[in-house]
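The basis for the numbers below is simple: all heavy atoms, side chains too, and nothing from hydrogens, waters or symmetry mates.
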Amino acid sequence: KAFTEGGEELRSETLDDLVSNFGFWMGPELKEYAGREAELPFDEHELKALVAPRVLFLSEAASDIWSNPVGNWQTTLAAREVYKFLGAEDKLLWYFRSGTHHHKIEDVEMLVCVIKHFKHGEPLNDQFFKLPFTPTERIFDWKCPDNTCDK
């Protein structure tokens with residue numbers, strides 16, 4: 001369980017919730033892992049890492065506990081190690097805004113900022129990489145090998 005910006009305690013969406021309510025988003029075989037997530041042959045950080053070395057922009061809402069902001073941040077940190085390895089750490093960006101699940105114009109504005117940065121060299125604003133929660137201990141222990149990440 002986690003807390004919203006207003007202090008409300010909520011739980012995050014489980015795989016069972018996902019396949020029960022939005023099974024059409026995924027292949028039909030995913031439901032076989034509901035309640036057995038630890039047995040999945042891959043995890044979200046690997047899906048994010050597959051995008052590297054291309055730009056990956058992640059936008060989250062601080063009080064969208066259902067989509068697990070802390071877990072998403074953890075998987076982004078894990079994927080960042082692959083971006084470091086490929087010399088593309090600057091192409092992995094994340095942004096947390098106030099509020100809940102529904103998209104806001106602010107999300108689009110941040111996406112436009114990312115596009116302008118990579119297409120036209122415009123600077124990113126100062127809203128990226130700020131966490132709305134106290135960072136938790138990393139849930140993974142791997143990192144980019146030191147000799148390749150000192151570029």
Side-chain angles (χ1 to χ4, degrees), residues 1-5 9-101 103 106-107 110-111 113-119 121 123-151:
K1 291 189 177 191
F3 296 90
T4 66
E5 296 161 291
E9 184 178 21
L10 298 172
R11 72 173 178 86
S12 295
E13 183 176 36
T14 65
L15 183 58
D16 186 46
D17 295 325
L18 181 65
V19 297
S20 295
N21 297 306
F22 305 103
F24 55 90
W25 286 357
M26 314 293 173
E29 294 83 14
L30 187 61
K31 66 182 174 193
E32 296 172 21
Y33 291 96
R36 301 181 9 232
E37 289 85 352
E39 297 174 33
L40 278 166
F42 58 88
D43 202 353
E44 184 175 347
H45 70 283
E46 293 166 319
L47 298 175
K48 290 176 179 180
L50 285 171
V51 177
R54 293 172 300 279
V55 175
L56 177 59
F57 169 56
L58 303 153
S59 180
E60 304 281 342
S63 287
D64 187 7
I65 305 306
W66 191 245
S67 58
N68 190 4
V70 175
N72 278 315
W73 174 72
Q74 285 277 355
T75 60
T76 302
L77 287 180
R80 186 171 65 176
E81 296 302 315
V82 174
Y83 275 79
K84 284 181 188 178
F85 179 75
L86 296 173
E89 186 177 6
D90 64 323
K91 292 184 177 178
L92 179 60
L93 301 106
W94 68 84
Y95 167 67
F96 284 93
R97 65 162 166 79
S98 292
T100 58
H101 186 73
H103 294 286
E106 183 178 343
D107 298 308
M110 293 301 286
L111 176 59
C113 181
V114 170
I115 293 168
K116 286 181 175 182
H117 175 71
F118 286 103
K119 187 162 175 75
L124 293 172
N125 67 39
D126 64 354
Q127 298 304 304
F128 291 93
F129 312 112
K130 294 182 178 182
L131 296 179
F133 49 81
T134 303
T136 57
E137 186 177 329
R138 290 183 178 201
I139 57 172
F140 60 94
D141 61 359
W142 65 86
K143 64 180 187 167
C144 177
D146 290 334
N147 61 342
T148 60
C149 295
D150 294 334
K151 297 176 185 176

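- Using a 4.0 Å cut-off between a side-chain N of Lys or Arg and a carboxylate O of Asp or Glu, Asp64 and Arg97 do not qualify as a salt bridge.
- Taken from CD1 in Ile115 to NE2 in His117, the straight-line distance is 12.5 Å, to the nearest 0.5 Å.
- With hydrogens and angles ignored, the 3.5 Å screen pairs a side-chain donor or acceptor of Lys130 with a backbone N or O of Asp126.
- In this structure, the side chains of Phe24 and Val19 stay at 4.5 Å or more apart for every pair of heavy atoms.
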Verdict with supporting geometry, Phe3 and Phe133, side-chain contact (heavy atoms from CB on, under 4.5 Å): CA-CA 9 Å; Phe3 296 90; Phe133 49 81; over 6 Å; no
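- The line from SG of Cys144 to CD of Glu81 is 6.5 Å long, rounded to the nearest 0.5 Å.
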Arg11/Trp66 under side-chain contact (heavy atoms from CB on, under 4.5 Å): CA gap, chis, key distance, verdict: CA-CA 6 Å; Arg11 72 173 178 86; Trp66 191 245; 3.8 Å; yes
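- The heavy-atom pair separating Tyr83 from Leu56 by the smallest distance is OH-CB, 3.3 Å.
- Closest approach of Gln74 to Phe140, counting heavy atoms only: O-CE2, 3.7 Å.
- For the pair Phe129 and Leu93, the tightest heavy-atom approach, listed with the atom from each and the gap, is CE2-CA, 3.8 Å.
- Shortest non-hydrogen contact noted between Pro69 and Ala61 is CG-O, 3.7 Å.
- The shortest heavy-atom contact between Phe128 and Cys113 is CE1-SG, 4.0 Å.
- Neither side chain, Ser20 nor Asp17, offers a donor N or O lying under 3.5 Å from an acceptor on the other.
- Taking the side chain as every heavy atom from C-beta outward, Gln127 and Met110 approach each other to under 4.5 Å.
- Under the 30°/60° scheme for interplanar angles, the aromatic rings of His103 and His101 are found to be tilted.
- Between Glu37 and Asp16, the shortest heavy-atom distance links the atoms OE2-N, 4.1 Å.
- Under 3.5 Å, the side chains of Asp107 and Ser59 contain a donor-acceptor pair of N or O atoms.
- Lys84 NZ to Glu89 CD: the interatomic distance, rounded to the nearest 0.5 Å, is 5.0 Å.
- Counted by atom type alone, Ser67 and Glu13 present zero donor-acceptor pairs between their side chains at under 3.5 Å.
- Remark: Tyr33 engages no residue in a ring-ring contact (aromatic ring centres under 6.0 Å, His included) (not counting sequence neighbours).
- At least one donor-acceptor pair closer than 3.5 Å links the side chain of Glu46 to the backbone N or O of Asp43.
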Evaluation steps, side-chain contact (heavy atoms from CB on, under 4.5 Å), between Leu124 and Tyr95: CA-CA 11 Å; Leu124 293 172; Tyr95 167 67; over 6 Å; no
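- A distance of 8.0 Å separates CG of Asn68 from OG1 of Thr75, quoted to the nearest 0.5 Å.
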Intermediate values then yes/no, side-chain contact (heavy atoms from CB on, under 4.5 Å), Leu58 and Asn72: CA-CA 9 Å; Leu58 303 153; Asn72 278 315; over 6 Å; no
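- Taking CH2 of Trp142 as the start and NE2 of His45 as the end, the distance is 4.0 Å to the nearest 0.5 Å.
- Rounded to the nearest 0.5 Å, atoms CG (Leu77) and CD1 (Ile139) are 9.0 Å apart.
- Residues Leu10 and Thr4 form a side-chain contact, since some pair of their non-hydrogen atoms from C-beta on lies under 4.5 Å apart.
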